[in-house]
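To start, the structure under review is shown below, and the notes come after it.
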Amino acid sequence: MNPLRPAILAAAGSATMKNAITKVPVTAAVVRRFVAGETRADLDPVTRALLASGRSVSVDFLGEYTTDRTQANAAVTEYLSLIDDLAEAAHAVPGAHSEIPRVEVSLKLSALGQSLGADGPAIAAENLHKLCAKAVERHVWVTVDAEDHTTTADTLAAVRLARAEFPWLAVALQTYLRDAEDNARDLATDGTRIRLCKGAYQEPAAVAYQRRAEVDASYLRCLNVLMRDAWYPMIATHDPAMIDVALTLAGENNHSPGDYEFQMLYGIRDAEQRRLVADGHALRVYVPYGTQWYGYLMRRLAERPANLGFFLRALADRG
């Protein structure tokens, strides 16, 4: 695991670091590698190009830990418009309107009001229901993103409640958490669509594995559970070893490419994304946009030394 990861993730929560980094002019060029833009107008050509290349998309309007009801309502309004835009983009691309929606929104419940005090979880659950209802109308999927471990119980509760009406609703599962395998078994039994990822937050050792080998082993255990029991596993990884194992498990469990999908982040391993699609595999790109990009960018830098190197080289080249 990247030895600088703890320091970078600490910087993600630092207002001082945020102020310093966001004011560096070259930062905008780095952000554009990982974030599609600040507005839906910026986002639209990116999603259409990805769809035209044979890839699917999952779009995240960046924002989290909202403590203002007005801001949470604004996020809901933005997502409602985003769902319309994605539906239109899918209809405009030949072959993009399929039984498995090629367009999806990803959202964090903390952006929808989960952090608004004692009533927060109920507010977020109500907003999630509103967005799922809209998504059904427009043939768009929804995935609830994972956040730090303190939100996991409320997030899973909200997803289970919503799935009574929207059984296709997905949730992300982070395998660096020590209870990931238990949650994978429970969710797979429920038939939940699951995005399996390693995790991107700074977590204490009491609840999360700290060594890369432990996180990888947990990922493989969870992957085995999902490929055996879950409906439509979503394998979110850039790790070639994990991709190879997923393909092996798919064959052992008699899955065809349409029974599961790979997921990768916008701006990372584009050639590998295209290769998987060319080989007949379903692949969805996680595409973020919006002005609240700082925390997202820092987590991407923390995940891979190559991303951090790209950022540092850009800083060195400024001027």
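In this text, all values refer to a predicted model and were calculated from it rather than measured experimentally.
Under the ring pair (Phe, Tyr, Trp, His ring centres under 6.0 Å) criterion, the residue pairs touching residues 114-135 are His129-Phe166, with sequence neighbours excluded. The side chain to side chain donor-acceptor pair (under 3.5 Å) analysis of residues 244-257, with sequence neighbours excluded, yields the pairs Ser256-Asp259. Within the structure, every pair that satisfies the salt bridge (charged side-chain N to carboxylate O under 4.0 Å, His left out) test and touches residues 147-169, not counting sequence neighbours, is listed here: Arg160-Asp190.
The side-chain hydrogen bond (donor to acceptor under 3.5 Å, both in side chains) with His149 is formed by just one residue from the set Glu203, Gln174, Arg178; it is Glu203.
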Can you give each donor-acceptor pair under 3.5 Å made by side-chain atoms of residues 82-90, sequence neighbours left out, with the distance rounded to 0.1 Å?
| from | atom 1 | to | atom 2 | distance (Å) |
| --- | --- | --- | --- | --- |
| Asp84 | OD1 | Lys134 | NZ | 3.1 |
| Asp84 | OD1 | Arg138 | NH1 | 2.7 |
| Asp84 | OD2 | Lys134 | NZ | 3.2 |
| Asp85 | OD2 | Arg40 | NH1 | 2.9 |
| Glu88 | OE2 | Arg138 | NH2 | 2.7 |

Using atom types as modelled, flag every donor-acceptor pair under 3.5 Å from a side chain in residues 69-77 to any protein atom, sequence neighbours excluded.
| from | atom 1 | to | atom 2 | distance (Å) |
| --- | --- | --- | --- | --- |
| Asn73 | ND2 | Arg69 | O | 3.4 |
| Thr77 | OG1 | Asn73 | O | 3.1 |

Contacts under 3.5 angstrom, residues 47-54 side chains, donor-acceptor by atom type, not counting sequence neighbours:
| from | atom 1 | to | atom 2 | distance (Å) |
| --- | --- | --- | --- | --- |
| Thr47 | OG1 | Asp44 | O | 2.9 |
| Arg48 | NE | Asp44 | OD1 | 3.0 |
| Arg48 | NE | Asp44 | OD2 | 2.9 |
| Ser53 | OG | Leu50 | O | 2.6 |
| Ser53 | OG | Arg55 | NE | 2.8 |
| Ser53 | OG | Arg55 | NH2 | 3.3 |

Determine all donor-acceptor pairs shorter than 3.5 Å in which one atom belongs to a side chain in residues 223-233; sequence neighbours excluded.
| from | atom 1 | to | atom 2 | distance (Å) |
| --- | --- | --- | --- | --- |
| Tyr232 | OH | Glu261 | OE1 | 2.6 |

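Scanning for side-chain contact (heavy atoms from CB on, under 4.5 Å) contacts around Pro240 gives Arg269, with sequence neighbours left out. Taking the side-chain contact (heavy atoms from CB on, under 4.5 Å) definition, one finds that Arg275 meets it with Glu272, Asp279, sequence neighbours left out. Partners of Asp179 under the side-chain contact (heavy atoms from CB on, under 4.5 Å) rule, at least two apart in sequence or in another chain, are Leu177, Asn183. Partners of Thr143 under the side-chain contact (heavy atoms from CB on, under 4.5 Å) rule, at least two apart in sequence or in another chain, are Glu104, Ser106, Ala170, Arg193, Arg195, Met234.
Hydrophobic clustering, defined by side-chain heavy atoms of Ile, Leu, Val, Met, Phe, Trp and Tyr closer than 4.5 Å, groups Ile123 together with Leu116.
Put simply, Leu173 and Leu161 are part of two different groups of oily side chains (I, L, V, M, F, W, Y) that touch within less than 4.5 Å, one to the next.
For the pair His238 (side chain) and Leu265 (backbone), a donor-acceptor distance under 3.5 Å is present. A donor-acceptor distance shorter than 3.5 angstrom exists from the side chain of Thr237 to the backbone of Asp239, with no hydrogens or angles considered.
Counted by atom type alone, Tyr289 and Glu78 present one or more donor-acceptor pairs between their side chains at under 3.5 Å. A donor atom on one side chain and an acceptor atom on the other are found under 3.5 Å apart for Tyr79 and Asp60.
Below 30°, between 30° and 60°, or above 60°: for Tyr260 and His281 the angle between ring planes is between 30° and 60°, a tilted geometry.
Looking only at side-chain heavy atoms (C-beta outward), Val105 and Phe61 stay at 4.5 Å or farther from each other. Within the 4.5 Å cutoff, the side chain of Met264 has heavy atoms near those of the Ile243 side chain.
We find that Arg221 and Glu181 are joined by a salt bridge, their nearest charged nitrogen and carboxylate oxygen being less than 4.0 Å apart.
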